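Keep in mind that what you see is a predicted model, and the values were worked out from it rather than measured.
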Amino acid sequence: MFYYRTYKKDVVKIKNISIKEIVQPDVIELNVSVANRDEAIYKAGYLLLKKGIVEEGYIEAMLKACNELGPYIVLVPGIAIPHARPEAGAKGLGISIITLKEPIPFGNEENDPVHTVIALASDNNNNHLGLLTSLSNFLMDHEKVNKMRAAKTTDEVMALLTEND
C-alpha cells in the first residue's frame, strides 16, 4: 500500500511499511539493566549495529541529538524512540527494542520514567514514515504496550508487534 505526502511542491511516494515487515527477534532484548539514558540509547542502537542496519557513528548521532535537543524522543509515557539523520550512518530501515529492568528518567517530566527504548533507523528521509504510522498505532494501544513491558520472552513481544498490524 502506498500513500502520498506533499513536501516543497513535490509529491513523494512512500511505502507503508509495517512493524511486522521489519522487526526480528534478534533486535529485541528484555529486562536490560542500564545506569542512565545514554547507556539505554547505546544498547538499543548496538542491536541495530550488530544487525548491520547502522554504522557505529549512527549510535553516536542518536546520543548527540538527545543531548543537544533534549528528551524530545520520549514521545509517549514510558517510551523513548531515539533516532538520527540517515546520513549519520543508517544503512537500512530498522528498529530495535529494549525493555528496561528498572525505568529511568530521560529528562522529560511529562513522560518519564522510560521503561522501553525503541531505536529507529532509516537510510532515507521517507521510508520510515510508513513504519512510524505502524509503530504509532501500536503505541496507542496501552494494553499491548503494558504486555510488552511485562513480556518475559522475545516471542511474546514479536506476537504483540505482529498481531493485527
Side-chain angles (χ1 to χ4, degrees), residues 5 14 16-49 51 53-54 58-86 88 90 93-122 125 127-165:
R5 78 177 172 106
I14 301 167
N16 191 11
I17 300 170
S18 70
I19 296 171
K20 65 182 169 187
E21 291 179 68
I22 65 158
V23 72
Q24 298 171 8
D26 57 350
V27 291
I28 299 171
E29 284 191 13
L30 308 177
N31 211 22
V32 176
S33 293
V34 297
N36 55 47
R37 172 183 79 184
D38 286 358
E39 187 177 357
I41 293 170
Y42 182 83
K43 286 191 175 189
Y46 186 72
L47 292 174
L48 295 173
L49 177 67
K51 190 73 175 165
I53 296 169
V54 301
Y58 190 84
I59 299 171
E60 296 302 320
M62 287 192 305
L63 291 165
K64 183 178 179 183
C66 188
N67 288 323
E68 288 180 358
L69 302 173
Y72 73 97
I73 61 173
V74 187
L75 301 175
V76 296
I79 310 273
I81 306 177
H83 55 282
R85 305 268 319 146
L93 178 64
I95 62 171
S96 66
I97 300 169
I98 64 170
T99 61
L100 303 178
K101 185 173 188 171
E102 296 294 329
I104 59 168
F106 265 56
N108 183 316
E109 291 180 28
E110 187 176 333
N111 293 324
D112 272 346
V114 168
H115 55 74
T116 303
V117 180
I118 303 172
L120 172 68
S122 178
N125 288 323
N127 283 350
H128 70 290
L129 298 175
L131 176 60
L132 281 176
T133 299
S134 179
L135 184 58
S136 295
N137 290 336
F138 175 80
L139 295 176
M140 298 293 275
D141 188 330
H142 299 293
E143 183 179 338
K144 283 185 180 180
V145 170
N146 288 334
K147 284 181 181 179
M148 180 175 66
R149 182 178 178 192
K152 302 291 184 216
T153 69
T154 57
D155 288 340
E156 290 176 66
V157 175
M158 287 295 297
L160 289 166
L161 291 169
T162 59
E163 75 180 30
N164 302 321
D165 183 46

Is there a side-chain contact between [X] and [Y] in this structure, where contact means two heavy atoms from C-beta onward sitting under 4.5 Å apart?
| X | Y | value |
| --- | --- | --- |
| Leu160 | Asp141 | no |
| Lys152 | Leu30 | no |
| Pro77 | Asn111 | yes |

Would the number of heavy atoms belonging to other residues, nucleotides or ligands and lying under 6.0 Å from CD of Gln24 be above 12?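 Count over threshold, so yes.
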Is [X] reaching over with its side chain to a backbone N or O of [Y], donor-acceptor style, under 3.5 angstrom?
| X | Y | result |
| --- | --- | --- |
| Tyr58 | Ala84 | yes |
| Lys43 | Ser33 | yes |
| Lys51 | Ser96 | no |

Look up atom [atom1] in [X] and atom [atom2] in [Y], then write down how far apart they are to the nearest 0.5 Å.
| X | Y | atom1 | atom2 | answer |
| --- | --- | --- | --- | --- |
| Asn137 | Lys144 | CG | NZ | 9.0 Å |
| Arg37 | Ile73 | CZ | CD1 | 7.0 Å |
| Leu139 | Ile79 | CG | CD1 | 5.5 Å |
| Lys64 | Asp38 | NZ | CG | 14.0 Å |
| Leu47 | Ile98 | CG | CD1 | 7.0 Å |
| Leu75 | Leu132 | CG | CG | 8.5 Å |

Applying side-chain contact (heavy atoms from CB on, under 4.5 Å), run through Phe138 and Val145 and close with a yes or a no. CA-CA 7 Å; Phe138 175 80; Val145 170; 4.2 Å; yes
Scan Val23, Val27, Ile97 and name whichever one has a side-chain contact (heavy atoms from CB on, under 4.5 Å) with Ile118.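 Filter result, single survivor: Ile97.
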Closest approach of [X] and [Y], non-hydrogen atoms and distance?
| X | Y | answer |
| --- | --- | --- |
| Ile53 | Leu93 | CG2-C, 4.1 Å |
| Ile22 | Gly94 | CD1-CA, 3.7 Å |
| Met148 | Thr99 | O-CG2, 3.9 Å |
| Pro103 | His115 | CG-CB, 4.3 Å |
| Ala44 | Ala119 | CB-CB, 3.8 Å |
| Asn108 | Pro71 | ND2-O, 3.3 Å |

Evaluate the side-chain contact (heavy atoms from CB on, under 4.5 Å) criterion for residues Val117 and Phe106: first the C-alpha distance (whole Å), next the side-chain angles of each, then the deciding distance (0.1 Å), finally the verdict. CA-CA 11 Å; Val117 180; Phe106 265 56; 4.1 Å; yes
Run the numbers on Ile81 and Leu135 for side-chain contact (heavy atoms from CB on, under 4.5 Å), then give the verdict. CA-CA 10 Å; Ile81 306 177; Leu135 184 58; 4.0 Å; yes
